[in-house]
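For reference, the structure discussed in these notes is given below.
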Amino acid sequence: MNEPTVQMGPNFIRNLIEEDLATGKHDMIITRFPPEPNGYLHIGHAKSICLNFGLAAIFNGRCHLRFDDTNPVKEEQEYIDAIKTDIRWLGFDWGEHEYYASDYFETLYRYAVRLIDKGLAYVCDLTSDQIRSYRGSLTEPGRESPYRHRTVAENRQLLSEMRAGSYPDGSKVVRAKIDMASPNLNLRDPVLYRILHATHHRTADRWCIYPMYDFAHGQSDSIERISHSICTLEFEDHRPLYDWLCEALEIYHPQQIEFARLNLTYTVMSKRRLLELVTDQHVTGWDDPRMPTLSGMRRRGFPAAAVRAFCDRIGVGKSDSVIDMGVLEDCVREELDSCTPRAMAVLRPLKIVITNYPEGRSEEFTVPKHPKYPEMGSRTIPFSREIYIDSDDFKEDPPKKFFRLGPGREVRLRYGYIIRCDEVVKDPTTNEVVKLMCSYDPETAGGKLPEGRTKVKGIIHWVSVPHAIPVDICLYDRLFTEPNPTGVKDVDYRDHLNPNSLEVLTESYVEPGLQGAKVGDSFQFERLGYFCVDSHSPTSDKPIFNRIVSLRDTWAKLQGEG
RNA sequence: AGGGGCGUCGCCAAGCGGUAAGGCACCGGAUUUUGAUUCCGGCAUUCACAGGUUCGAAUCCUGUCGCCCCUGCCA
């Protein structure tokens, strides 16, 4: 396993743990990442994973992977497998420490019995609607259930009958006996167990009562002797309940610390919505390269190291925040720039005929795979009389500061000759530019500049027509047109879906050296961006390249302003 | 006065009584056979606001305002 070097700036959780270690409150720290196997992991989970595994690595502790699988109707083995794959991809290893809340069902049941014996829990026959109305509201206290004062013996009897399957779904629950007037709604006799005659993906039909999250999560942490239970802000209100439970049960009491969950612009982050995008087929699946899921980003070509760098860069705090997508993209570019071999590709081809280059002749240029790291080796690119250039590198009527090709203009072919556009050939009916007749200067090969010749400012990429490999290109853009798709009043987030989030180009070409590229291989197509071979390429011989991220483009930015 | 939390540059974020780190974005400029990369330089007299304590406050106290979360037999 590739053990990542963990980067983590100072943050309040790290400081707190440092203090706990310094004061001897703990000799070793144990954290955990506790996903529910009901969906795929997304970049928000990556933040939590990097935090929990990162902290464990920094302080020489350990981090458990625990599946909080207490709701059999929503959870599936498929998700467990996908989650494990994603965490390993991110570069983290939980070793032997793979746990399941369902492994603790028997212990949890004994805990429930213990509460009943202490008169701190009871079996309640109210319907869910009744429980809701008895709960009161934010501003009004609740009312006690008429079943609240059943005897210990009766409660024990009822609970064991519940477990034995004597009652139908929803007919009874067990509740903690805390305080129906508490200003904290979580303390108004919360439900601990419900009856669910459902087959669980791990315990099959052994149980027909299942613990609620609030009765499983904290105790699971306790059972695993988690020193620091790190979770997101919305569980802050639940902490008093976990405290109450640990005290009532007289069990080990982990310390819960809450941090703000990640939000990213131009995407959504809730599992519910991501699932909707998948089931409504707005995307092709959980691993659609436009999804903020780890599987989507992996397929898109984001390096795991970039995701880790991102998680470090955004920090950890308690204030609600929305991170600009640009931060993630910058991390991806930074990682890819140093490790990605360069290549030339033409996305929207425009043919050029070099009129003074002999017909039938061709030559090869040997150029570095990476201009800054010659140790990465070299590649050869063929040149011939006909080449493709990208159509936006030619403008019949060039705007100001456009230093690419235009009628009568000169431009340098990357790693090749300087050419001049002598003639523009158009389709007589559509008036579209179909071909450019150019001439080359044989004295300018490989960057050479003869004495007295003025330097050309523009350099463009190209591919030799007879040597070009046809490929399909997938251009991805942000999934939504709104920075905060769920934040616009009275508008469904799906109405902000970007209709142009995927553009498929089917007439693109790459240099012949990319012939043997394998799924997942990444390249920088010079002047265009980073691309990788898609894992869903058809078995046909025409590969698909996903654009991972574009290069920074100050020219495009200037254009946008104009 | 229902409870809990948060408010430091456009977006994140250090800082924890001694006089505002860093990143992204943005703006200059240098180098460049990728308008990329790299490199330099600029970018909060001010920390939601108002009072108070102090020689000294983003940091302590009081009050005000704004935003987020909580009424699943989901997690």
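Convention: sequence-line order gives letters A, B, ...; per-chain numbering from 1. Remember, it's a predicted structure, so these values are computed and weren't measured experimentally.
- In the set B/G4, B/G35, B/G7, the nucleotide with an atom closest to the side chain of A/S319 is B/G7.
- Rounded to whole Å, the distance from CG on A/D392 to P on B/G35 is 13 Å.
- Heavy atoms of A/T70 sit under 4.0 angstrom from primed sugar atoms or phosphate atoms, though from no base atom.
- For A/F67 and A/Y99, the gap between ring centers reaches or exceeds 6.0 Å.
- Checking the phosphate oxygens (OP1, OP2) of B/G72, no side-chain nitrogen or oxygen of A/R188 falls inside 4.0 Å.
- B/A44 and B/U8 are spaced 9 Å apart, taking the C1' atom of each and rounding to whole Å.
- For the pair A/R194 and B/G72, the criterion of a side-chain N or O lying under 4.0 Å from OP1 or OP2 is not met.
- A distance-only check finds a donor-acceptor pair linking the side chain of A/T444 to the backbone of A/I418 [under 3.5 Å].
- Within 4.0 Å of A/M212, counting heavy atoms only, lie sugar-phosphate atoms of the nucleic acid but no base atom.
- Of the side-chain N and O atoms in A/R132, one or more sit less than 4.0 angstrom from OP1 or OP2 of B/G72.
- At B/C73, one or more side-chain N or O atoms of A/R135 fall inside 4.0 Å of OP1 or OP2 (strictly under the cut-off).
- A cation-pi arrangement, defined by a distance under 6.0 Å to the six-membered ring centre and an angle within 45 degrees of its axis, is present between A/R143 and A/Y134.
- Distances were taken from every side-chain heavy atom of A/K557 (C-beta onward) to each of B/C24, B/C26, B/U34; the shortest belongs to B/C26.
- The backbone N or O of A/R342 sits less than 3.5 Å from a side-chain atom of A/R379, completing a donor-acceptor pair.
- When each of B/C68, B/G35, B/C12 is scored by its nearest atom to the side-chain atoms of A/K401, the top-ranked nucleotide is B/G35.
- Considering only side-chain atoms of A/P371, the nucleotide from B/U34, B/G35, B/U71 that sits closest is B/U34.
- Of the candidates B/U34, B/G2, B/A14, the closest approach to any side-chain atom of A/P10 belongs to B/A14.
- The C1' atoms of B/C65 and B/U71 are separated by 27 Å, rounded to the nearest whole Å.
- For A/N71, the listed nucleotide lying nearest its side chain is B/C74; candidates were B/A13, B/C74, B/G5.
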